[in-house]
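The structure under discussion appears below in the form of structure tokens.
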2 protein chains.
Amino acid sequence: MAQKKIRNMEELAAVSRISRPTLSKYFNDPDSVRRSTRERIELALTQFDYRPNVYAMNQNRRKTRNIGIVVPNLADPFFSEIGREVELACIGAGYTPILLSSHGNPAQERDNLESLRSLKPAGVLLAPFGRVSDRADIESFNKHIPVVLFDANVETACEAFVGTDNFQSIDLMVEYLCRSGEPPCLFEMKSPSNPNANKRRQAYLESMQRHGYTPHIFQAEGEGWNFEEIGSAEGGRLISENAFNTNTVLCSNDRLAIGMLSAAYRLGKRVGHGPACTLRIAGHDDHPFSRFTCPSLTTIAQDYAAIANRAASTLFRIIDTDERPEKREETLFNGSLVMRESA
Amino acid sequence: MAQKKIRNMEELAAVSRISRPTLSKYFNDPDSVRRSTRERIELALTQFDYRPNVYAMNQNRRKTRNIGIVVPNLADPFFSEIGREVELACIGAGYTPILLSSHGNPAQERDNLESLRSLKPAGVLLAPFGRVSDRADIESFNKHIPVVLFDANVETACEAFVGTDNFQSIDLMVEYLCRSGEPPCLFEMKSPSNPNANKRRQAYLESMQRHGYTPHIFQAEGEGWNFEEIGSAEGGRLISENAFNTNTVLCSNDRLAIGMLSAAYRLGKRVGHGPACTLRIAGHDDHPFSRFTCPSLTTIAQDYAAIANRAASTLFRIIDTDERPEKREETLFNGSLVMRESA
DNA sequence: CCATGAAGTTTACGCGCGTAAAAAATAGAT
DNA sequence: ATCTATTTTTTACGCGCGTAAACTTCATGG
């Protein structure tokens, strides 16, 4: 290997005996050049270490190959996993993903969109907080850049939404709980920071009604993303006060359930579906840790991969056709029941 | 507000009646221009929405203001938290952090360094896997770009290392366990993917010896990052086989401990420091979930913030002085004991 | 063999900003 | 008001690559 330092495309053109515009074409899409020349280029690339300057590349390009990915909180393993899936989908399609976390802070979401603006991404995959206040920022951002929402919906905003069908998944869980024991009450946050929570409450109400049972809802005070803490404190209070009028509690999400499980343990309350148990607790999301709770948590698994891939491919289609779809798309995937020990 | 579209610095110079080179100076360091002109510029900035083009900026700059941050696995809440701290330190110092996860895959770490290369970062904060095979890549990368290691050390590589003093922290835990009950055995992975695990084993051996006890080590088979799974499977096997020759188990990290706790629960073994308990389990790292395990986990808290801030400030100092320090620095922070229910 | 369309080459310009050097303007002190 | 040091303006060039247009070469089929 000569390994002579190649400083720019011009020098690579010289040593490879291929014109610079053709090299430029190659780097923008290796398949856009004839097979034989591609091989010549790639041969040269093996002997002369060269990589195009990203800054120079993106300066004059109409669109970059960057895809922004924004999730509300990477510290939450749910978003960590789905974010990873989305990243992989982008890489697989030849894009450069840029994953940003809003750290549980809606203001950070705005900052993240602002940062992304200067990176001129070809498109953005956004899992929004879903608060009303975000809408203006998101829509303003969406004016110039195509955005596909996932996980949480903001009605009518952006090109498309991909998520889980909470009505299906909650109904599935309610059905299971009713068949296998007492009908559940619902445990959730009083002011949920996520629109899915509202969907789930509504789904719970409808499902209970359909099954001919009276719904009961218990709401925990508390703000922020410390769901386990809130579930533990408020759930513990409710358990010790014997507040539940059923022995079965459906938690709005796994993290609340994890907190409540720890409270039940602390209070010596035996949780599970066995004969010796006096309380059943179920969750929603199949959090990575829900397999290792005590007892392991019965929950609903969302199809991470399907959501991520659909969201990504929808965005790529919009980018490729270079036009907004005339109709906003909403895609909902089914959740699946994961039966473990807790209910 | 006129809000006329400003396309570039030249146009901003026109409307603000300030020359373009001065504007350029301002954007590279607002304090490098006279106070009065800075105010004029910032006034203009409020009425004319303009933001410099990052790609054009970085093309000709000697160094960018980017800082690469690479952690082994963002899905692990430990790295998620410490990564966040490092990010904040960078933003606070006026740099642009770029956080990358290696997803538990050493090959990905190499790819991440490769990606960072094209972003020409001013420096990199790296939490390496610490495998021998990585060394060459890291050192080659470090030839051109200053790197500060954190969390896991690679002996003699890069400018500096910042982490936790495992000898201090393990000794602290062993001391506590010995004072409060039977001396601990150690539970760890057979082939740990992290050099801290080796340090901790060594620390355990020395500490037990110093206290006049015979050390016992139990190693779990298994590869990868599914620590909870491994802790649950292997830990469960050891518990049910009554393999431990003491009622106290010190786990090499919290995630193993979480897995073992779930196994103990499954097997009906009562864990804790109370009189009714037959097994004590302790961990290391103060994982965000260790407060919500059943029972809550006694562990060692690492000083995330101190590690992150020291690593960042060390890197900034190297970047500012623009020269490699003549001596490689190693900084170790003390861990602190967190007494909960499990031991 | 030539016709024909596809692919590569030549030439040229521009993107938005960094940066350097020399000239001009400004602020603060005497 | 005058001097001096600092700051700003003027002028100019270059970074590495995208991209367009006109031209030339190439591959393939009849």
Side-chain angles (χ1 to χ4, degrees), chain A residues 4-45 48-66 94 96 117-122 322, chain B residues 4-45 48-66 94 96 117-122 322:
Chain A
K4 190 195 147 200
K5 266 286 172 206
I6 302 290
R7 322 194 125 272
N8 54 40
M9 222 178 251
E10 199 107 32
E11 290 190 16
L12 182 66
V15 299
S16 68
R17 313 189 60 78
I18 292 195
S19 72
R20 192 177 67 74
T22 302
L23 290 176
S24 175
K25 258 191 103 189
Y26 167 82
F27 283 112
N28 283 318
D29 178 9
D31 289 325
S32 67
V33 301
R34 201 189 297 147
R35 181 200 194 87
S36 60
T37 56
R38 198 182 75 194
E39 282 164 357
R40 283 171 60 202
I41 295 173
E42 282 164 357
L43 176 69
L45 248 31
F48 302 95
D49 176 43
Y50 163 76
R51 315 177 38 179
N53 180 315
V54 275
Y55 299 108
M57 282 179 67
N58 286 324
Q59 179 170 15
N60 287 337
R61 239 213 276 267
R62 309 197 186 292
K63 320 183 229 195
T64 67
R65 300 285 289 178
N66 299 331
T96 305
R117 225 182 261 251
S118 16
L119 297 181
K120 306 185 189 304
D322 208 14
Chain B
K4 188 194 149 201
K5 265 285 172 207
I6 302 289
R7 321 195 124 270
N8 55 38
M9 223 179 248
E10 199 109 32
E11 290 189 16
L12 182 67
V15 299
S16 69
R17 312 191 58 77
I18 292 196
S19 73
R20 191 176 69 72
T22 302
L23 290 176
S24 175
K25 257 191 105 187
Y26 167 83
F27 282 112
N28 283 317
D29 179 9
D31 290 324
S32 67
V33 302
R34 199 189 297 147
R35 180 202 195 86
S36 58
T37 55
R38 198 182 75 192
E39 282 163 357
R40 284 170 59 203
I41 294 174
E42 281 164 357
L43 176 70
L45 247 31
F48 302 96
D49 176 42
Y50 164 76
R51 315 177 37 179
N53 180 315
V54 273
Y55 299 109
M57 283 179 67
N58 287 324
Q59 179 168 15
N60 286 339
R61 238 213 276 267
R62 308 196 187 291
K63 321 181 230 200
T64 67
R65 300 286 289 177
N66 298 330
T96 305
R117 224 182 262 253
S118 17
L119 296 181
K120 305 185 189 306
D322 207 13

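We name chains A, B, ... by the order of the sequence lines, and we start the count at 1 in each one. Model, not experiment: these values are computed from the prediction.
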(message) Between A/Ala56 and B/Leu23, which residue's closest nucleotide on DNA chain D lies nearer the 5′ terminus?
(response) B/Leu23
(request) Would you mind telling me which residue lines up with the more 5' stretch of DNA chain D, B/Arg38 or B/Gln59, judged by nearest nucleotide? (result) B/Arg38
Provide the closest heavy-atom pair for [X] versus [Y] in the form atom of the first, atom of the second, distance.
| X | Y | answer |
| --- | --- | --- |
| B/Lys5 | B/Glu11 | O-OE1, 3.4 Å |
| A/Leu12 | A/Leu45 | CD2-CD1, 3.8 Å |
| B/Arg61 | B/Met57 | NH2-CE, 3.0 Å |
| B/Ser19 | B/Ala13 | C-CB, 4.1 Å |
| B/Tyr26 | B/Arg38 | CE1-CG, 3.4 Å |

Is there a side-chain contact between [X] and the phosphate of [N], meaning an N or O under 4.0 Å from OP1 or OP2?
| X | N | value |
| --- | --- | --- |
| B/Asn60 | D/dG16 | no |
| A/Asn53 | D/dC15 | no |
| B/Thr22 | D/dT9 | yes |

Grab the [atom1]-[atom2] distance between [X] and [N] for me, whole Å please.
| X | N | atom1 | atom2 | answer |
| --- | --- | --- | --- | --- |
| A/Lys25 | D/dA20 | NZ | C1' | 13 Å |
| A/Asn28 | D/dG16 | CG | P | 18 Å |
| B/Arg61 | C/dA20 | CZ | P | 13 Å |
| B/Phe27 | C/dG16 | CZ | C1' | 12 Å |
| B/Asp29 | C/dC17 | CG | P | 18 Å |
| A/Met57 | C/dC17 | CE | P | 20 Å |
| B/Lys120 | C/dC17 | NZ | P | 19 Å |
| B/Lys63 | C/dG18 | NZ | C1' | 15 Å |

(message) Rounded to the nearest 0.5 Å, what separates atom OG in B/Ser36 from atom CD1 in B/Ile41?
(response) 9.5 Å
(message) Can you tell me how far apart CG (B/Leu119) and CG (A/Asn53) are? Round to the nearest 0.5 Å.
(response) 10.0 Å
(request) Among the candidates C/dT19, D/dG16, C/dC17, find the nucleotide nearest to the side-chain atoms of B/Pro52. (result) C/dC17
(request) Please determine, for the side chain of B/Ser19, which listed nucleotide (C/dG18, D/dC17, D/dT8) has the closest atom? (result) D/dT8
(message) Can you tell me which residue among B/Pro30, B/Ser32, B/Ser24 is in a side-chain contact (heavy atoms from CB on, under 4.5 Å) with B/Asn28?
(response) B/Ser24
Using a heavy-atom cut-off of under 4.0 Å over every strand shown, decide if [X] touches base, sugar-phosphate, or nothing.
| X | value |
| --- | --- |
| B/Arg17 | sugar-phosphate |
| B/Tyr50 | sugar-phosphate |
| B/Asn58 | nothing |
| B/Pro21 | base |

(request) Identify, residue by residue, the members of residues 7-16 of chain B with a heavy atom below 4.0 Å from DNA chain C, and return them in order of residue number, or none. (result) B/Asn8, B/Met9
(request) Mark yes or no for whether A/Tyr55, through its side chain, and B/Ser118, through its backbone, hold a donor-acceptor pair below 3.5 Å. (result) no
(message) Has A/Thr64 got a side-chain atom pairing as donor or acceptor with A/Lys120's backbone, closer than 3.5 angstrom?
(response) yes
(message) So for A/Arg20 and D/dG18, does any side-chain atom that can act as donor or acceptor lie under 3.5 Å from a complementary atom in the base?
(response) yes
Could you go over nucleotides 22-27 of chain D and give all protein N or O partners under 3.5 Å, atom names and distances?
none

